[in-house]
Amino acid sequence: MPTLQRSLRSRLLVGAVLPAALLTGTLAGCADAPANSSGGTATTQAASASGDFAKITVTPGKDAATAPTISLPTKPFRVQETQHRILKEGTGAVIAEPSAVTANWARYSGVDGAAMGSSYGAKPASLHIEPNSDAVPGFIDALKGQKVGTQALVAVPASKILTESQLAKGMTLDDTVLFVLDVVSARPVLTKATGTAVPPKAGLPTVDVPDDPTKPATFTVPSPTPIKETLVQPLIVGTGPKVEKGQTIRVRYTGATWRTPDKPFDYSGKTPKTTAEFPIGVGQLIKAWDNTIPGQTVGSRLLVIVQPADGYGADGNPQADIKGDDVLIFVMDILDAWSD
């Protein structure tokens with residue numbers, strides 16, 4: 001998979017690449033993969049009561065740990081546009097937008113209906129139901145507005161989610177990939193920090209975070225001379241679960257140097273999603289993030305002061321105008337955290 005684009009996301013990650021979503025079993029699509037090459041979620045055709053798609057049969061596994069099997073009415077089975085069909089209506093909470101869904105999934109070849117992997121008997125995967133989601137095309141349209149417990153069948157042209165090198169043996173980009181999704185749970189996703197405000201300690205920069213998520217936060221430093229320690233100061237304490245090492249977190253952030261606090265070197269509002277997602281506490285981020293974010297709660301807003309040794313080191317980051325002796329200032333809202 002291609003490396004991350006040159007934004008704070010890539011500068012914080014040390015030589016990381018995005019997960020090969022459709023190969024490793026997550027439900028989210030790679031940000032640079034064909035899954036969303038046209039921008040946003042692909043157009044989905046709702047399944048009609050007739051046609052070959054309506055004739056695909058799905059047989060439950062022998063138990064909850066066994067994936068369903070499918071039987072195709074014609075081989076190969078192909079669609080020109082993404083389609084979905086509700087196999088079983090759920091009875092739990094409504095899947096609103098935005099929300100985070102955990103679901104068991106199974107993937108099949110449209111060539112012959114052969115299984116191509118599943119999460120049944122293992123850990124359900126996560127996907128976000130929201131605009132500009134990285135989810136596989138069709139998943140959002142299939143699940144939005146449904147209820148927890150829903151089972152859906154989704155058919156996606158292989159060309160929308162795979163490259164030539166990712167195709168299973170015997171498949172071409174003209175073929176179709178089928179998914180069965182069983183929604184296990186859903187939870188709301190925050191769009192900004194929510195919780196109890198905390199007065200910051202004296203001597204720290206002050207922060208103004210605009211309501212508009214496309215705009216960066218602004219910092220005012222109390223003195224041209226930066227403080228000499230790396231620290232995290234909660235500005236809002238959220239009421240969500242604590243972030244654990246190894247989880248993926250979603251944040252809204254702005255970063256600047258103490259030297260030029262009025263010139264952010266990056267912020268999440270520049271991206272279509274206006275947020276960013278990172279694995280935390282596993283050695284892929286700068287030390288300050290890995291060391292200070294675990295243990296904080298979802299919903300929190302954090303002011304993080306980063307000394308060079310806990311940031312980009314003596315070399316700094318010339319592309320971002322970060323010098324080797326620059327002290328960094330970040331403000332971030334922790335909007336979600338989950339385990340893949």
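- Looking at residues two or more places apart in sequence or on another chain, you find a side chain to side chain donor-acceptor pair (under 3.5 Å) between Thr257 and Thr260.
- Listed here is the closest heavy atom pair of Thr82 and Pro137: CG2-O, 3.5 Å.
- Separation of atoms CG (Leu303) and CE (Met332) is listed at 9.5 Å; rounding is to 0.5 Å.
- Listed by chain and number, the residues in a side-chain contact (heavy atoms from CB on, under 4.5 Å) with Asp175 are Pro76, Arg78, Val111, Met171, Thr172 (sequence neighbours excluded).
- Looking only at distances, no side-chain donor or acceptor of Thr102 sits under 3.5 Å from a matching main-chain atom of Pro124.
- Sorted by first and then second residue, the side chain to side chain donor-acceptor pair (under 3.5 Å) pairs with a member in residues 224-239 read Thr230-Asp310; sequence neighbours excluded.
- If you run ring pair (Phe, Tyr, Trp, His ring centres under 6.0 Å) between Phe179 and each of Phe139, Trp105, Tyr108, only Phe139 comes through.
- Minimum interatomic distance between Pro234 and Leu302 (heavy atoms only, all atoms of both residues): CA-CD2, 4.0 Å.
- Sequence neighbours left out, the pairs with a member in residues 236-256 that pass salt bridge (charged side-chain N to carboxylate O under 4.0 Å, His left out) are Glu130-Arg250, Arg250-Glu277.
- Listed by chain and number, the residues in a side-chain contact (heavy atoms from CB on, under 4.5 Å) with Pro73 are Asp52, Lys55, Ile56 (sequence neighbours excluded).
- Listed by first then second residue, pairs satisfying side chain to side chain donor-acceptor pair (under 3.5 Å) with a partner in residues 293-304 read Thr297-Ser300, Arg301-Asp333, not counting sequence neighbours.
- Of the possible polar contacts, none joining the Arg107 side chain to the Gly117 backbone as a donor-acceptor pair under 3.5 Å is found.
- Applying the salt bridge (charged side-chain N to carboxylate O under 4.0 Å, His left out) definition to pairs two or more places apart or across chains, none involves residues 200-226.
- Ring orientation note: the planes of Tyr253 and Phe278 are tilted relative to one another, at an angle of 30° to 60°.
- Every pair passing salt bridge (charged side-chain N to carboxylate O under 4.0 Å, His left out) that includes a residue from residues 143-156 is listed here, sequence neighbours excluded: Glu97-Lys144.
- Every residue two or more places apart in sequence or in another chain that forms a side-chain contact (heavy atoms from CB on, under 4.5 Å) with Lys123 is listed here: Ser339.
- Residues forming a side-chain contact (heavy atoms from CB on, under 4.5 Å) with Glu164 (at least two apart in sequence, or on another chain): Leu167, Leu173.
- Among residue pairs with one or both ends in residues 179-189, those qualifying as salt bridge (charged side-chain N to carboxylate O under 4.0 Å, His left out) are Arg187-Asp336; sequence neighbours excluded.
- Considering only residues two or more places apart in sequence or on other chains, Thr194 meets the side chain to side chain donor-acceptor pair (under 3.5 Å) condition with none of them.
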